[in-house]
Structure formats: structure tokens, C-alpha cells
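One structure is given below, encoded as C-alpha cells.
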Amino acid sequence: MDIRIGNGYDVHALAEGLPLWLGGLKIESPVGCIAHSDGDVAIHALCDAILGALALGDIGKHFPDNSDEFKGIDSKILLRRVMKLVRERGWEVSNADITIALQRPKLAPYIISMRECLAEVMGISSDRVSVKATTTEKLGFVGRGEGCEVYAVVLVNRL
Ligand code: MG
């Protein structure tokens with residue numbers, strides 16, 4: 001069995017009045033991520049984990065944040081492209097586990113829909129996609145509501 005593991009991490013600063021996209025969904029929120037793309041920090045960490053598993057660099061290398069092509073882009077498009085790279089090389093994502101650290105708003109009502117959305121984009125079943133959310137108990141930049149932080153781990157296997 002040929003398997004590989006990948007780890008991804010991303011942070012975006014939050015600001016009032018911006019849309020908050022997480023896990024492919026628009027979240028009801030007074031704050032959103034400052035970003036060149038739609039700022040879906042969960043998808044960015046997931047993409048980096050997948051790319052990392054296959055040593056294909058990172059999201060910034062594939063989708064530069066100084067390129068007009070990616071300005072305001074729906075991050076689901078980036079994830080779809082990353083999955084294409086994976087399959088072209090003969091690999092498949094076995095599972096993904098994502099942890100979102102955000103002080104507010106509460107993400108619990110969105111978790112199942114995020115899993116379903118990400119699974120659909122990735123072309124795998126939703127029982128292979130875990131999304132978890134935590135606050136940081138008001139500690140650090142996440143706790144102060146200044147940013148959103150995401151960790152992702154994926155396992156890939158050769159087809
Ligand atoms: Mg990012």
C-alpha cells in the first residue's frame with residue numbers, strides 16, 4: 001500500500017463588513033477574512049495539506065496572490081484544481097481532517113454542510129471529510145477575534 005500524509009496550515013486576518021467563507025460556505029458573520037481570494041482559510045489549509053502530501057509545493061506557488069486570475073476567486077475552484085493535480089499523478093485523497101480555530105461566530109450549525117460541500121468538491125464521500133471547530137478560549141490573536149486559523153491533515157493513497 002502506497003500512502004502519504006500531508007499537513008496544511010493557514011491564517012487570515014478578520015475585518016468588519018467582509019463576507020466570511022469557510023469550508024466552501026458563506027457563514028453569517030459580522031467579520032470576514034481579508035484576502036486576495038474569497039479568503040476561505042479552511043480550503044486553503046486543506047489545499048496545502050493535499051499539495052504537501054505529494055510534495056507539490058504550496059497554494060501560493062500554484063495560485064499566486066498577486067495574480068488577477070485569482071482575485072476574489074471562489075476557493076472551491078482552487079480545491080478542484082488541486083484534486084485534478086492529485087488524480088493526474090495517480091493518487092486519491094483517502095481522508096481529510098480539518099480544525100478551524102475561530103472565536104466567533106459559532107460554527108457548529110455549519111459543520112455538516114461544510115463536510116458535504118468539501119466532499120462534493122473533492123469527489124469523495126463526506127464520511128472521509130472531518131471538520132472540527134474550536135475557539136481558543138479568548139487567548140491569542142484568534143481569541144481576540146483578530147484572525148481565523150486552520151489546521152488540516154490529509155492521507156492520500158495511490159490509485
Ligand atoms: Mg490563505
Side-chain angles (χ1 to χ4, degrees), residues 4-87 91 93 95-107 110-111 113-124 128-136 139-156:
R4 294 189 187 175
I5 192 168
N7 156 62
Y9 173 73
D10 197 23
V11 171
H12 279 261
L14 295 166
E16 301 268 346
L18 294 176
L20 179 63
W21 286 91
L22 278 176
L25 305 183
K26 192 171 181 189
I27 309 293
E28 197 68 45
S29 170
V31 294
C33 288
I34 299 169
H36 183 72
S37 67
D38 67 2
D40 193 323
V41 57
I43 290 187
H44 298 174
L46 176 59
C47 286
D48 263 357
I50 298 167
L51 292 169
L54 296 178
L56 293 174
D58 60 32
I59 194 171
K61 176 188 151 189
H62 291 271
F63 314 112
D65 68 5
N66 54 10
S67 159
D68 278 350
E69 185 189 353
F70 305 117
K71 192 164 166 41
I73 195 169
D74 179 344
S75 293
K76 292 188 280 296
I77 295 169
L78 308 183
L79 178 57
R80 221 170 259 128
R81 290 204 202 172
V82 166
M83 290 302 296
K84 188 164 177 276
L85 290 176
V86 168
R87 294 191 177 112
W91 294 81
V93 172
N95 77 301
D97 186 18
I98 299 163
T99 301
I100 303 170
L102 181 69
Q103 192 60 40
R104 66 178 179 131
K106 287 269 176 255
L107 297 177
Y110 298 95
I111 296 293
S113 299
M114 283 186 200
R115 291 177 54 205
E116 287 170 351
C117 178
L118 294 173
E120 198 208 315
V121 174
M122 296 170 79
I124 62 177
R128 293 174 179 271
V129 181
S130 162
V131 177
K132 311 190 299 298
T134 185
T135 70
T136 59
L139 295 170
F141 70 87
V142 170
R144 291 189 297 271
E146 296 167 4
C148 180
E149 180 177 47
V150 180
Y151 300 85
V153 177
V154 303
L155 200 71
V156 299

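In listed order, ligands and their atoms are each counted from 1.
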Item to check | Y151 and Y9 aromatic ring geometry - parallel, tilted or perpendicular at 30°/60° bounds | outcome: tilted
Next on the checklist: side chain to side chain contact (heavy atoms under 4.5 Å, CB included), that's the test. Do H12 and V150 meet it? Break it down for me.
Outcome noted: CA-CA 9 Å; H12 279 261; V150 180; over 6 Å; no
Item to check | Side-chain touch L14/L20, heavy atoms, less than 4.5 angstrom | outcome: yes
Next on the checklist: Tell me whether E146 at atom CD has more than 12 heavy atoms from other residues, nucleotides or ligands lying less than 6.0 Å away.
Outcome noted: yes
Next on the checklist: Any donor-acceptor pair under 3.5 Å linking the side-chain atoms of D10 with those of H44?
Outcome noted: yes
Item to check | Protein N/O/S count near the Mg ion (ligand 1) (criterion: distance under 2.8 Å) | outcome: 3
Next on the checklist: Would you say CZ of R128 has more than 12 non-hydrogen atoms from neighbouring residues, nucleotides or ligands within 6.0 angstrom?
Outcome noted: no
